Undergrad: 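The structure's right below; bear with me while I get my questions together.
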Amino acid sequence: MQKTMPWISTAARLALAAVWLVAGGLKVGDLAASARAVNAYDLMSYDTAKVVGAVQPFLEIALGLLLLIGLATRLTAGISAVLLVVFIAGIISAWARGLQIDCGCFSSGGELAAGKNAAYWLDILRDIGFLALAGILLWKPRTRFSVDGLLMGEER
Amino acid sequence: MSKGKRDRTAQARAVVAKQQAAERRRKVTLWTSVGVVMVLFLAGLVGYTVMSRQDDGKVTTPTAAVDDGTAFAIGTGSVVVDVYEDFMCPACGNFEQASGESLQNMAEANKITLRIHPVAILDKYSNGTEYSTRAAGAAAAAAEEDKFLELHNVLYDNRPEENSDGLSNEKIIELAKSVGLTSETFVNAVNEGTYKTWATDVTEKFSDRGYNSTPTILVDGTKLIGPNDTVPTSELLTQTIEKAAG
């Protein structure tokens, strides 16, 4: 266990990094669409949604890069977990209100074509999976090939 | 030095080394955390700045546009029917096929005022050519020549599939020509994208009004939705309009 745990954490760290990089990367090219995706949740005014929609992809990419290099892993994992909980709450609220929207998780989502049904439980399940990755890192933040390890002068 | 004393010295060293390592970890954790917070703050700031810059474009609103510059009106009937649509959206194409003609007939008979709002929410589905924005811009240019409906209809008759390049500017101009829209002003407006910022502006107002999908249809200001969140059928639309007309 002593030996394998850092490897499990390393895998979790890289996987979570990939999640953020892909999620942010898919949105960053079209911030207007990202704003519309946020607006579709109908939780805030469009002006606020615009700011959230513009800031979010950059935050996601930054988090992805920080996890990729492994800097302050426990903190970045914690922030990831908070974000994921917010996203899950948003999806549940959209579901509860019977909104028919694309969660905008890995796209600039927003509107769903008529007749297409939102599969909210799938989105939630997936986010819970990501949350588990963050959980592993919160619990055991020591990983291989990380800047943290280098700075701490840790045993290889 | 006795053996016991040596052991104690080694133990003391080990304790000091352990404390130093702990101190180092504490410092590293503190400073990396500060660094991470700053990086995230900067990333957010970049997003905010990019967004603010995008808002700065100058908007040329076509003079023919009504309803806060977002729509082109046909007819002068008392019942107002608003249609928000994207020129690439398949559901809008189906809606136009089912109800477009009857709506336009009612508008021309001045039974209704038909206000068509061209929005561009599907730019990401035209391989980077931003067909939705270009098409909406071209429609605005056509409106300036009093040929909005003509271009609107011919663009829907030739609606490109999602994830294609959309219609090129040349193709749009060619189609316009086929419906009698030949002016040089129009051709230049399409080629130069004169009304593209306007199309973005209309799309923003569409979102600001709380709409997310196309086609969005309103009869006298009330959103009309078919059963199970479907696009209203032609029958439902006609019934609703007749009810509104009283």
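Predicted model only: the values in this text are computed from it and were never measured. Chain naming here is simple, since letters A, B, ... match the order of the sequence lines and numbering starts at 1 in each. Worth knowing before you read on, the calculation uses all heavy atoms, side chains too, and leaves out hydrogens, waters and symmetry mates.
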Undergrad: If I measure from the heavy atoms of chain A, does B:A120 come under 4.5 Å with its side chain, its backbone, both, or neither?
TA: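 The answer is the backbone of B:A120.
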Undergrad: Working to the nearest 0.5 Å, report the span between CG of A:L31 and CZ of B:R53.
TA: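 Here the rounded value is 13.0 Å.
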Undergrad: Examine whether an atom of A:N39 lies under 4.5 Å from a heavy atom of chain B, and if so say whether it belongs to the side chain, the backbone or both; otherwise answer neither.
TA: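 Answer is both: backbone and side chain atoms of A:N39 are under 4.5 Å from chain B.
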Undergrad: B:N212 versus A:R36: any side-chain heavy-atom pair under 4.5 Å?
TA: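 SC-SC contact between B:N212 and A:R36 ruled out.
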Undergrad: In Å and rounded to the nearest 0.5 Å, what is the CG to CZ distance from A:L151 to B:R25?
TA: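 These two atoms lie 13.0 Å from each other.
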Undergrad: Need one label for A:L75: side chain, backbone, both or neither, based on atoms under 4.5 Å from any heavy atom in chain B.
TA: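 Just the side chain, heavy atoms under 4.5 Å.
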Undergrad: Indicate yes or no: at least one non-hydrogen side-chain atom of B:T29 is less than 4.5 angstrom from one of A:M152.
TA: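 A side-chain contact under 4.5 Å exists here.
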Undergrad: Given heavy-atom pairs under 4.5 angstrom as the criterion, report whether the side chain, backbone, both or neither of A:L63 touches chain B.
TA: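 Both the backbone and the side chain of A:L63 come within 4.5 Å of chain B.
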Undergrad: What's the spacing between A:Y46 OH and B:Y211 OH if we round to 0.5 Å?
TA: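 Rounded to the nearest 0.5 Å, the OH-OH separation comes to 14.5 Å.
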Undergrad: Quick check: closest heavy atoms across B:A43 and A:A62, and the distance to 0.1 Å?
TA: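 Residues B:A43 and A:A62, closest heavy atoms: CB-CB, 3.6 Å.
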Undergrad: Mind running side-chain contact (heavy atoms from CB on, under 4.5 Å) on A:V51 and B:M51 for me, showing each step along the way?
TA: CA-CA 7 Å; A:V51 175; B:M51 181 208 78; 4.2 Å; yes
Undergrad: Is the number of heavy atoms from other residues, nucleotides or ligands within 6.0 Å of NZ (B:K223) greater than 12?
TA: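 Correct, the count exceeds 12.
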Undergrad: Report which part of A:L66 has an atom under 4.5 Å of a heavy atom belonging to chain B: side chain, backbone, both, or neither.
TA: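 Contact with chain B is through the side chain of A:L66 alone.
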Undergrad: Going by salt bridge (Lys or Arg N to Asp or Glu O under 4.0 Å), name the pairs with one or both residues in residues 43-54 of chain A, residues two or more places apart or in two chains.
TA: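 Residue pairs with at least one partner in residues 43-54 of chain A: A:K50-B:D55, A:K50-B:E204.
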Undergrad: So which part of B:T49 gets closer than 4.5 Å to some heavy atom of chain A, the side chain, the backbone, both or neither?
TA: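 Neither part; nothing is under 4.5 Å.
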Undergrad: Please identify, among B:G44, B:G35, B:A21, B:P90, the residue contributing the most non-hydrogen atom pairs under 4.5 Å to chain A.
TA: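 Most heavy-atom pairs within the cutoff with chain A belong to B:G44.
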Undergrad: Check side-chain contact (heavy atoms from CB on, under 4.5 Å) between B:V154 and all other residues, then give those that pass, not counting sequence neighbours.
TA: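 Per chain and number, B:V154 pairs via side-chain contact (heavy atoms from CB on, under 4.5 Å) with B:L151, B:N158, B:L175, B:S178, B:V179.
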Undergrad: Run A:F58 and B:V50 through side-chain contact (heavy atoms from CB on, under 4.5 Å) and show every step you take.
TA: CA-CA 10 Å; A:F58 287 92; B:V50 172; 4.1 Å; yes
Undergrad: At a heavy-atom distance under 4.5 Å, which candidate from A:A72, A:G98, A:A32 has the highest pair count against chain B?
TA: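 It is A:A72.
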Undergrad: Rounded to the nearest 0.5 Å, how far apart are CG of B:L40 and CG of A:L59?
TA: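 Result: 6.0 Å between the selected atoms.
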